[in-house]
*Asks:* 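If you scroll down you'll find the structure; I have some questions about it.
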Amino acid sequence: MFPQLGKTAHLTDIYQQIELPLVDILFQIERNGVLLDVDQLHAYGKEVMRQLEILEQQAHTTAGQTFNLNSTQQIQEILFGQLKLPIIKKTPKGAPSTDESVLQQLALDYPLPRVLLEYRMLAKLKSTYIDKLPRMINHNTGRVHTHYAQAVAVTGRLASNEPNLQNIPIKTPAGRRIREAFIAPEGWHIVSADYSQIELRIMAHISQDKGLLKAFTEGQDVHRATAAEIFGISAEKVNQEQRRYAKVINFGLIYGMSEFGLAAQLGIDRIAARNFIERYFIRYPGVSDYMQRTRAMAKQNGYVETVLGRRLQLPDIHSHQHNRRMGAERAAINAPMQGTAADIIKLAMIAVNNWLTQTHAQSKLIMQVHDELVLEVPENESVTMMRQLPALMENVIKLDVPLVVQTGQGRNWEQAH
DNA sequence: AGGTTAAGCGCG
DNA sequence: AAAGCGCGCTTAACCT
């Protein structure tokens, strides 16, 4: 019936049981849209504009000349041509890079890079979000209606565009001011429900690593547990720095990071980075086996699979170009985890939508952000949804580790976290 | 004038 | 030689 979907039943199942039911749900989410506090964005925009003007003046004074702070070429010329600052890395084209990691290192010794970093952050927020989002409001509905692409991301994730609502700032205080502008109408709340550590839990399930399974089954702080293992100390003795190291390693592994990448990320030498990875694999041998198994699977079959059987083809796995082949290997390691997470939240969207329909609830799905569902909820349904969402989302699939969903609610998206 | 590429950066 | 996965958007610079 679907010859392109392959001879195994899994791909046909994913198509019929996940992707097809999702079509109508995505349509509903897009049609629902999300409400923005335009006045708040406008006021914040003026504030940010004043700050940008101050930073621009500071940059010009420090550099001893005027220049376009948005031009990487002009920044290259000033930092490395005139001020003779050390070149830390190069762009793929061979020009000296001025990206964030470079400026952060230079900021330790020189004043101008710090100004540029602050300017870059605020300029990004203003142009991409503060100025742009109000222009995207539909005149008929008064809301912003994104579009979700169902067949763009190779791992099975959704992609969001016009506008992209899957990259709204959250990591900095300035960014969170933008999230405050995503509001609920009078009498309604924003409710957010997100899977906690879902990709690491999937890694535990797929790898069947004893230590990782135990950490999640017992509800441990997984980064703290990892730190205890690789530093050879008890969990109570782990300090913030050690936990941060463990977190970088845990995430790095999901992406197939090398000792070189880990060294760069942690600002340590390669020997130390290699030691951390060795200790990690000694403590979590199941994860080491998984990495090897996955590379072998990709090389033998030319594809890898999620837990539910979604496939990612990897033609570059046989490339004679080293960088392409290594890139395909990293994608092979990452795709089963990222893709299984995508499968799971799609099942969750179907489960939540079914429940809303069957119970005649008024609450509406309004956004999906990879591991998070956002709803607009009438105040009198708030308590029910906060209880129901975790129950629905945590039970769409049975893994060998528990899935945990955290919920929050508020007048706006920021408060809901 | 309009399209494309490079660099950079927002999120999970 | 390259070095961390998956996306979309903005600006500058370049090309047609």
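Letters A, B, ... mirror the listed sequences (proteins, then strands); counts begin at 1. Everything quoted here is computed from the prediction, not taken from an experiment.
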*Asks:* So, does A:Asn334 use its side chain to make a donor-acceptor pair with the main chain of A:Arg330 at under 3.5 Å?
*Replies:*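 Checked: no pair found.
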*Asks:* Whole angstroms only, please: what is the CG-P distance between A:Asn323 and C:dC5?
*Replies:* 11 Å
*Asks:* Over how many whole Å does the gap from A:Glu259 atom CD to C:dA2 atom P extend?
*Replies:* 17 Å
*Asks:* State which of B:dG12, B:dG8, C:dG8 makes the closest approach to the side chain of A:Asn161.
*Replies:*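 Shortest atom-to-atom distance from the side chain points to C:dG8.
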*Asks:* Tell me whether A:Glu241 is salt-bridged to A:Arg244, with the criterion being a basic N under 4.0 Å from an acidic carboxylate O.
*Replies:*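 Judged by the 4.0 Å cut-off on N to carboxylate O distance, A:Glu241 and A:Arg244 do form a salt bridge.
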*Asks:* Could you please name the option among B:dC11, C:dA3, C:dC14 that lies closest to any side-chain atom of A:Lys171?
*Replies:*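 Within the option list, the nearest is B:dC11.
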*Asks:* I'd like to know if A:Glu100 pairs up with A:Lys124 as an ion pair, taking the criterion as any Lys NZ or Arg NE/NH1/NH2 lying under 4.0 Å from an Asp or Glu carboxylate oxygen.
*Replies:* no
*Asks:* Confirm from the modelled atom types if A:Arg157 and B:dG12 form a donor-acceptor pair under 3.5 Å, side chain to base only.
*Replies:* yes
*Asks:* Measure from CG on A:Asp343 to P on C:dG6 and round the result to the nearest Å.
*Replies:*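 In whole Å, C:dG6 P lies 16 Å from A:Asp343 CG.
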*Asks:* Give a yes/no on whether any side-chain N or O of A:Ser97 is located under 4.0 angstrom from OP1 or OP2 of B:dG8.
*Replies:*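 Yes, because at least one side-chain N or O of A:Ser97 sits under 4.0 Å from OP1 or OP2 of B:dG8.
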*Asks:* Can you tell which of C:dC14, C:dC5, C:dG8 lies closest to the side chain of A:Val152?
*Replies:* C:dG8
*Asks:* What's the OH-P distance between A:Tyr255 and C:dA3, to the nearest Å?
*Replies:* 17 Å
*Asks:* For A:Phe80 and B:dA7, give me the distance from atom CZ to atom P, rounded to whole Å.
*Replies:*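 After rounding, the gap between these two atoms is 13 Å.
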*Asks:* Touch check for A:Asp194, heavy atoms < 4.0 angstrom, all strands: base, sugar-phosphate only, or nothing?
*Replies:*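 It contacts nothing in the nucleic acid.
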*Asks:* By nearest atom, which of the nucleotides B:dG12, C:dA3, B:dC9 is closest to the A:Asp99 side chain?
*Replies:* B:dC9
*Asks:* By nearest atom, which of the nucleotides C:dC7, C:dC5, C:dT11 is closest to the A:Val154 side chain?
*Replies:*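 When the side chain of A:Val154 is considered, C:dC7 is the closest of C:dC7, C:dC5, C:dT11.
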*Asks:* Classify A:Gln74 by what it touches in the nucleic acid, base, sugar-phosphate, or nothing, heavy-atom distance under 4.0 Å.
*Replies:*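 If one applies the 4.0 Å heavy-atom cut-off, A:Gln74 turns out to touch the sugar-phosphate alone, with no base involved.
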*Asks:* In terms of side-chain heavy atoms of A:Ala159, which of B:dA7, C:dC9, C:dC7 is nearest?
*Replies:* C:dC7
*Asks:* Nearest to the side chain of A:His370 - B:dG12, C:dT10, C:dA2?
*Replies:* B:dG12
*Asks:* So, is A:Thr98 close to the B:dG8 phosphate, meaning a side-chain N or O under 4.0 Å from OP1 or OP2?
*Replies:*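 The answer is yes; a side-chain N or O of A:Thr98 sits under 4.0 Å from OP1 or OP2.
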*Asks:* I'd like to know if the side chain of A:His417 pairs up with that of A:Glu372 as donor and acceptor (distance under 3.5 Å, no hydrogens or angles considered).
*Replies:*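 The answer is yes; a qualifying pair exists.
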*Asks:* Scan A:Glu199 against the nucleic acid and name what it touches under 4.0 Å (heavy atoms): base, sugar-phosphate only, or nothing.
*Replies:*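 Since no nucleic acid heavy atom lies under 4.0 Å of A:Glu199, the category is nothing.
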*Asks:* Over 60° means perpendicular and under 30° means parallel, so tell me whether A:Phe276 and A:Phe231 are parallel, tilted or perpendicular.
*Replies:*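 Ring orientation of A:Phe276 relative to A:Phe231: perpendicular.
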*Asks:* Choosing from C:dA3, B:dG8, C:dC5, which nucleotide comes nearest the side chain of A:Thr91?
*Replies:*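 Per side-chain heavy atoms of A:Thr91, the pick is B:dG8.
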*Asks:* Which residue lies toward the 5' end of DNA chain C, A:Gly327 or A:His322, if each is placed at its nearest nucleotide?
*Replies:*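 Its nearest nucleotide lies further toward 5', so the answer is A:His322.
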*Asks:* Between C:dA1 and B:dC9, how far apart are the two C1' atoms, rounded to whole Å?
*Replies:* 26 Å
*Asks:* Ignoring hydrogens and angles, answer whether the base of C:dG8 and the side-chain atoms of A:Asn164 contain a donor-acceptor pair closer than 3.5 Å.
*Replies:* no
*Asks:* Taking only the side-chain heavy atoms of A:Asn70 (C-beta and beyond), determine which of C:dA12, C:dA3, C:dC9 contains the nearest atom.
*Replies:* C:dA12
*Asks:* How is A:Glu162 classified with respect to the nucleic acid when contacts are heavy atoms under 4.0 Å: base, sugar-phosphate, or nothing?
*Replies:*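 Sugar-phosphate, no base atom in range.
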*Asks:* Please find the pair of heavy atoms, one from A:Gly45 and one from A:Lys126, that lie closest to each other, and give the distance.
*Replies:* O-CE, 3.5 Å
*Asks:* Within the structure shown, what part of the strands sits under 4.0 Å from A:Glu372 by heavy-atom distance: base, sugar-phosphate, or nothing?
*Replies:*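 Answer is nothing: A:Glu372 stays at 4.0 Å or more from every strand.
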*Asks:* Would you say a side-chain N or O of A:Asn167 is under 4.0 Å from OP1 or OP2 of C:dC9?
*Replies:*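 No, no such contact exists.
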*Asks:* Answer whether the closest heavy-atom distance between the side chains of A:Lys210 and A:Pro285 falls below 4.5 Å.
*Replies:*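 No, too far: nothing below the 4.5 Å cut-off.
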*Asks:* Considering only side-chain heavy atoms of A:Ala331, which listed nucleotide, C:dA2, B:dC9, C:dG6, is closest?
*Replies:*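 Of the candidates, C:dG6 comes closest.
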*Asks:* Looking only at N and O atoms, is any donor in the side chain of A:Gln166 or the base of C:dC7 less than 3.5 Å from an acceptor on the other one?
*Replies:*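 No pair found.
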*Asks:* Contact class for A:Ile333 (heavy atom, under 4.0 Å): base, sugar-phosphate, or nothing?
*Replies:*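 Nothing: the residue A:Ile333, judged by heavy atoms under 4.0 Å, touches no strand.
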*Asks:* When all nucleic acid strands are considered with a 4.0 Å heavy-atom cut-off, which category describes A:Lys93: base, sugar-phosphate, or nothing?
*Replies:*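 If one applies the 4.0 Å heavy-atom cut-off, A:Lys93 turns out to touch the sugar-phosphate alone, with no base involved.
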